[in-house]
Structure formats: C-alpha cells, structure tokens
A.B. asks: 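Questions regarding the structure given below will be posed in turn.
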Amino acid sequence: MVVVMTPEATDADIDAVAERVRANGGEAFVSRGTVHTIVGLVGDTERFKAIDWRQMQGVDHVIQIGKPYKMVSRDLHPETTVVKVGTVPVGRDTFTLIAGPCAVENPEQTMRAIRAAKDAGATIVRGDVYKPRTSPYSFQGLGEQGIEILQEARREFGLPVVIEVVDVSQVAHVADVADCIRVGTRNAQNFELLKEVGLANKPVMLKRGLAMTVDEWLQAAEYVAQRGNSEIILCERGIRTFEPSTRNTLDLGGMAVAQHESHLPVIVDPSHAVGKRHLVAAMARAALAAGADGVMVDVHANPEQAMVDGAQALLPEEVVALGGQLAAIAEALGRQMNR
Ligand code: PEP
Ligand code: MN
C-alpha cells in the first residue's frame, strides 16, 4: 500500500503518517518527489486497509498496488518520470544519447572519446573508474586517478557524467563527483548496494542483471526507490541466453515491458548487449525505433589498444554518424533529441 501526500503536506503530516504505520507494527518508507511525497507501507496489509488514511491531515489518496514493486510501478505514476542528470532531462518527451569510454584509461584516450561523444550530440558522458571484470587479472580501473581525469573532462566539455559503483564504500564519493551513479549488471541484485544508492542524492542508472527477469529488475529498482531515491533510469543491456554469436541477447521486448510496467525512463546499452562494433549502431537505431528513452554506447579512438571492451567500442567517426542517424529517426517519429 502507498499513501500519497498532497503537495501542501508538511513534514509533521508526513511524520504522523509514518508514526501511525509504525504504531501498527509496520515500516514506512518516505519518498519525497518534486510534487507529491509518497509513503510506502511495509507490514500487515489487512491492518493497514482498516485504517482510514484519508482522514489524516495532508493525505491525498491511497493506492493499493498488487505487484511486488510499487513505487516504480506505473500504477502509482501514470506519466513517465523525467530524471534530470545534471541539467539533462531523461525520459518522456526526449531521446538521450549517452556516450564515452567504457573505462577511463588515461587522459588522452578519455578526452578523445568524450570529444567524439560531444560531436555526436551526446548530452551525457559515460566513463568508468571501477571495472567489474570477469577475470581478477584484467584491468580493474584507475579508481581515484580516473575520477580526476573525468572531472577534467567535465570541466572541458561541460557534460554531465555517469560513473559505475561496484561497492557500497564508493557510493558517497561517486555521488559527490558524478551526475549519475550507475549500478552494473553484476550488481543489479546486490541489495545492500541498491539500498545505499537509494540513500544517495543523485540519479541512479540501474542496469538489468544478465540473468534477471523484467519483474526482478523492477524489484531491484524498488529497493532504490524505497530508500527515497526515485530518480532512476533503467538500462537494458542484454541478457544471457543460449545464443553465443552476440555477447548477450538484446531484449528490446523486455525494454518495452519495463516501460509499460514502470514510470521510470528506460534506455538501452547496445554495446554491452551485442559486444560487436559492427552491430552496435543498428541496435541503437532499433532501440530508438522501439521507443527507448535513450541509448548508451562505448567509444574508443583506438579500440585495438583498449584495456576493456575494445571489440564493441565505436570509433569517433562511427559515433558521430550514429548521432546523425538517431536525430533523423527521432525526427521521423516526432520525438525530440536531447541537445
Ligand atoms: C559497462 O557499462 O561498462 C558495464 C560494465 O556494463 P554491464 O554492467 O552492463 O556489463
Ligand atoms: Mn564495458
């Protein structure tokens, strides 16, 4: 059950609702939105149903959501949420291109990739400093040194940055230096990490776990929302199937289901989905045509020398060409590219 407060509800009104939930043996999760604050009720639903919440000051209405995710459900919020990354609105009326290096390797490689991203029309930049690698012998990311390079890029290009966190201990610092915190596929069900990013005061991009159903993905997002952070962007990045010819299997159907079931914006990462450069642009175009709210792609000026994921990185000229194609498709569909 979710109690939706009126826009005029005071902190005391919200506290009174939370206190009543606790007095009835439950737990209350408060999520402060730009217009409405909502209180999620966890506990004995039958007992909650017996209470006339609308009698309480500041309560607008009560919603019963019979799904395992509530705050991220479209039942709560019929319009798609717009998540602001820096000043860039992601979702609803716009299509967003996010691009940049998979990993920050050095200043020159990072700047070249981000320059290409900007030339392509990307309005958000990606670049990771903590890499969750399959092999412990592979490059694990530059850590703090990488953050400094990204800060420099942020100053030079003026674009907001999304950075992955792989551990609870990194969340507060990354929230300070990035415009959006990403939780990757391998941590998509790391519930302690999800709770921690849920407490951060920054938007969160949540990738779909590589063996997660859409339902499980939305429940993972609910962990973040339940802690008070509803600024969540979902990212479909391919799932593991029996098919080995692409790195993963891009699930555009799953992307569309997530959009239908949730009010959160949903983007697609075709780079990690297919893992092959020559397929990335086509899948990015397909994602836009299928209604995704954005795409995120890897860029590298020298992919054969890349320390991570060179095989899927677009060359600078390829990402620029893709940017033009996306703009043309967006226009044909009457959608607005973020600029
Ligand atoms: C990435 O985007 O660099 C990444 C590690 O992605 P995923 O978590 O989807 O594998
Ligand atoms: Mn990668």
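Ligands are counted one by one from 1 in listed order, and the atoms in each one are counted from 1 as well.
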A.B. asks: I would like to know whether Asp93 and Gln336 meet side-chain hydrogen bond (donor to acceptor under 3.5 Å, both in side chains); could you show each step before the answer?
C.D. replies: CA-CA 6 Å; Asp93 304 323; Gln336 193 75 38; over 6 Å; no
A.B. asks: If we check salt bridge (Lys or Arg N to Asp or Glu O under 4.0 Å) with Asp309, which of these qualifies: Arg247, Lys276, Arg277?
C.D. replies: Arg247
A.B. asks: Could you confirm whether Asp309 has any N/O/S atom lying under 2.8 Å from the Mn ion (ligand 2)?
C.D. replies: yes
A.B. asks: Report, rounded to 10°, the angle at the Mn ion (ligand 2) between the two atoms NE2 (His272) and SG (Cys102).
C.D. replies: 130°
A.B. asks: Knowing that exactly one of Thr96, Thr123, Val266 qualifies, which makes a side-chain contact (heavy atoms from CB on, under 4.5 Å) with Val90?
C.D. replies: Thr96
A.B. asks: Given Arg247, Arg237, Arg133, identify the one with the heavy atom nearest to atom 9 (O) of ligand 1.
C.D. replies: Arg237
A.B. asks: Please identify which atoms of ligand 1 are closer than 4.0 Å to at least one heavy atom of Gly184.
C.D. replies: 8 (O)
A.B. asks: Counting heavy atoms only, which part of Asp128 comes closer than 4.0 Å to ligand 1: side chain, backbone, both or neither?
C.D. replies: side chain
A.B. asks: For atom 4 (C) of ligand 1, which of the options His272, Glu236, Arg186, Met296 provides the nearest non-hydrogen atom?
C.D. replies: His272
A.B. asks: Ignoring angles and geometry beyond distance, decide whether Glu164 reaches within less than 3.5 Å of ligand 1 through its nitrogen or oxygen atoms.
C.D. replies: no
A.B. asks: What is the nearest protein non-hydrogen atom to atom 8 (O) of ligand 1, stated with its residue, atom name and distance?
C.D. replies: Thr185 N, 2.8 Å
A.B. asks: Given Leu142, which partner from the list Ile149, Thr110, Leu150, Asn106 fulfils the side-chain contact (heavy atoms from CB on, under 4.5 Å) test?
C.D. replies: Ile149
A.B. asks: Number the atoms of ligand 1 from 1 as they appear, then name those within less than 4.0 Å of a heavy atom of Lys131, with their elements.
C.D. replies: 1 (C), 3 (O), 5 (C)
A.B. asks: Quiz question: by atom type and distance under 3.5 Å, do the side chains of Glu79 and His263 form a donor-acceptor pair?
C.D. replies: no
A.B. asks: Do Phe191 and Val72 belong together in a cluster built from hydrophobic side chains that touch within less than 4.5 Å?
C.D. replies: yes
A.B. asks: So, does Arg126 sit close enough to ligand 1 that a heavy atom of it is under 4.0 Å from the ligand?
C.D. replies: yes
A.B. asks: Which residue in the set Lys84, Arg154, Arg126, Lys202 passes salt bridge (Lys or Arg N to Asp or Glu O under 4.0 Å) when paired with Asp179?
C.D. replies: Arg154
A.B. asks: Quick one: which of Arg240, Arg208, Arg237 gives a salt bridge (Lys or Arg N to Asp or Glu O under 4.0 Å) with Asp251?
C.D. replies: Arg208
A.B. asks: Under a 4.0 angstrom heavy-atom cut-off, which atoms of ligand 1 come close to Lys207?
C.D. replies: 1 (C), 2 (O), 4 (C), 6 (O), 7 (P), 8 (O), 9 (O)
A.B. asks: Just jot down the ligand 1 atoms closer than 4.0 angstrom to any heavy atom of Cys102, in number order.
C.D. replies: 3 (O)
